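In what follows, chains are A, B, ... by sequence order, proteins preceding strands, each numbered from 1. These numbers come from a predicted model, not from an experiment.
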2 protein chains.
Amino acid sequence: MELEDALQELDEALRRNEVITVFCSCTISYSGRAESELGEGERVIVIKQDNTVLVHQPTDSTPVNYMKDGSSIELSHDDDRLVLESRNLADKDYLQVEISDVVSLSAAKLQDGRSLQLVGTEEDMSDMIRDNPDEIGSWFTPVSREEHTAYGFMDVFGYDDEGRFVIVECKRYTAGVSAVQQLRRYVEKVQALKGVGDAKTRGVIAAPDVASNAKDMLQDWSYEHARVKPPNRQERFREKQQSLSDF
Amino acid sequence: MELEDALQELDEALRRNEVITVFCSCTISYSGRAESELGEGERVIVIKQDNTVLVHQPTDSTPVNYMKDGSSIELSHDDDRLVLESRNLADKDYLQVEISDVVSLSAAKLQDGRSLQLVGTEEDMSDMIRDNPDEIGSWFTPVSREEHTAYGFMDVFGYDDEGRFVIVECKRYTAGVSAVQQLRRYVEKVQALKGVGDAKTRGVIAAPDVASNAKDMLQDWSYEHARVKPPNRQERFREKQQSLSDF
DNA sequence: ATATAGATCTCGTCA
DNA sequence: TGACGAGGTCTATAT
């Protein structure tokens with residue numbers, strides 16, 4: 001494909017605010033929050049309708065370079081290269097793509113008002129625990145969930161059969177040291193604000209497993225591990241569908 | 001574009017292991033580590049040479065659905081829909097794309113052996129501190145950097161003018177409570193292993209700024225904040241270029 | 001605007 | 001393989 005033609009098609013597609021994909025050979029420079037260089041190679045460039053720019057190599061799931069939405073995009077023609085420059089003032093980011101050869105170019109205005117419906121997140125896990133406190137223990141009575149309080153951001157908060165505060169931190173996968181540290185922060189905050197010397201505040205990690213080092217920390221701080229698996233997603237999904245069909 | 005033709009082109013491109021982009025109208029179901037549904041809409045689907053699948057809506061920088069490399073991909077034809085199914089055994093992930101209309105399809109085998117050269121990361125910041133310990137204070141003598149030791153992963157480790165251990169945690173941006181907590185973990189570990197009752201181990205956050213709550217935590221545990229900006233990237237980049245041109 | 005935490009995080013690295 | 005931490009993280013949410 002001739003660079004001249006590519007330039008014109010790109011320019012028109014940008015003007016029409018279309019989604020664009022370009023198969024091309026290029027080099028890339030990035031400067032802003034960090035600096036990067038990428039030598040000559042064949043990539044796919046995706047430009048979206050909000051001026052998001054993604055540069056993808058032929059493998060790997062993450063873009064090798066990118067610009068976030070709201071960036072400016074300028075085209076120019078430098079000798080035998082097509083140059084695409086993008087600037088983002090908020091991040092002080094600058095991306096330059098020097099295209100030496102365009103294999104193919106596609107562009108179209110796309111309509112998509114739908115947004116993703118996702119279930120099986122940590123939030124769903126704390127929902128499940130609130131609805132089934134026995135997942136923690138028969139002694140546990142939940143009070144609130146996912147609350148941003150002065151004490152911190154606790155997944156589930158409640159009390160035990162002796163009236164002690166209980167803080168539950170949920171993790172969908174094996175909990176590591178940072179999860180225990182996170183729990184510790186909340187427990188200490190509650191402990192401090194609710195008056196020291198009172199009954200101990202209990203800390204619980206609700207997760208399918210706890211890493212070895214993290215287990216040691218749990219013991220050191222006398223926190224507990226409730227072996228809880230994330231909600232059975234297929235079931236939860238059916239629930240969601242049922243409740244939607246009620247309307 | 002006829003679905004029959006699209007099916008054949010897709011099939012051949014997959015067989016040839018090409019990078020593919022498809023502008024299309026589709027619905028998407030995902031099931032695995034979580035569950036998601038996405039109703040009918042126009043998107044760009046990118047299939048890479050390692051069978052990575054990305055589904056991009058017309059805006060936003062992150063894919064609305066995706067499958068990681070090494071997934072299987074199967075095509076089929078269900079009434080008036082083209083169905084793409086991808087499975088990843090490792091993650092037990094399953095993605096189904098039902099395509100009702102193909103706007104355009106591009107495919108090409110791409111060659112790209114280059115990898116990104118990135119500078120200006122936290123690693124560079126700890127490099128800078130090791131080379132310029134005055135950034136922390138004239139009292140600081142660094143010993144090691146980015147070391148995975150029995151004491152933990154410490155960004156910079158050293159001692160002060162009175163022989164006390166010093167642990168430095170670097171953050172490129174405003175350090176929050178979790179950064180202080182991270183520092184605390186390392187300090188306590190060193191304190192415990194090196195024998196309690198000895199001189200206090202000093203903890204230092206090296207960052208351009210510290211969030212308000214995190215400042216309180218610093219005070220509580222008598223840790224310090226060294227106001228350090230990440231290395232000037234443009235300068236650092238020039239250095240790198242100069243050193244490369246020496247060869 | 002700042003702060004906090006999750007993510008189908010991804011990716012590298014080291015034990 | 002598991003664990004741990006960084007990321008040009010990105011994204012959503014709350015203050």
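Rounded to whole Å, the distance from CZ on A:Arg145 to P on C:dG6 is 13 Å. To the nearest angstrom, C1' of C:dA3 lies 14 Å from CE of B:Met217. Taking atom CD of B:Gln181 as the reference point, atom C1' of C:dA3 lies 15 Å away to the nearest angstrom. The distance between atom NZ of B:Lys48 and atom C1' of C:dT10, rounded to the nearest whole Å, is 12 Å. Atom CE in A:Met125 sits about 10 Å away from atom P in C:dA7, given to the nearest Å. Rounding to whole angstrom units, CD of residue A:Glu123 and C1' of C:dC9 are separated by 17 Å. In this entry the distance linking CD of A:Glu122 with C1' of C:dT4 reads 13 Å, nearest Å.
Side-chain atoms of A:Asn65 and A:Ser36 form a donor-acceptor pair, as typed in the model, at a separation below 3.5 Å. A donor-acceptor contact closer than 3.5 angstrom links the side chains of A:Asp112 and B:Gln57. Remark: the A:His56 side chain and the B:Lys48 side chain contain an N/O donor-acceptor pair separated by less than 3.5 Å. Using a 3.5 Å distance cut-off with no hydrogens or angles, the side chains of A:Arg145 and A:Ser126 do pair a donor with an acceptor. B:Thr52 and B:Asp50 share a donor-acceptor pair across their side chains, judged by distance under 3.5 Å alone.
The residue B:Glu169 sits close only to the backbone: its heavy atoms come under 4.0 Å of sugar-phosphate atoms, none of a base. Residue contacts for A:Tyr186: at a heavy-atom cut-off of 4.0 Å it reaches the sugar-phosphate backbone alone, with no base atom in range. If you check every strand for non-hydrogen atoms under 4.0 Å, B:Thr174 touches sugar and phosphate atoms only.
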Verdict with supporting geometry, B:Glu37 and B:Ser29, side-chain hydrogen bond (donor to acceptor under 3.5 Å, both in side chains)
CA-CA 5 Å; B:Glu37 287 288 315; B:Ser29 301; 3.0 Å; yes
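If you look at A:Phe157 and A:Phe165, their ring centroids are closer than 6.0 Å.
The 5' end of DNA chain D is approached more closely, in terms of each residue's nearest nucleotide, by A:Val210 than by the other of B:Lys171 and A:Val210.
Distances from the side chain of B:Asp155 to the nucleotides C:dG6, C:dA5, D:dA6 place D:dA6 closest.
OP1 or OP2 of C:dA3 has not a single side-chain nitrogen or oxygen of B:Asn213 nearer than 4.0 Å. Within the 4.0 Å cut-off from OP1 or OP2 of C:dT4, not a single side-chain nitrogen or oxygen of A:Gln182 is found.
Distance check on atom P: C:dT4 versus D:dG8 gives 22 Å, rounded to whole Å.
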Where along nucleotides 8-15 of chain D does protein come under 4.0 Å, by heavy atom, of base (B) or sugar-phosphate alone (S), with - for untouched nucleotides?
BSSS--SS
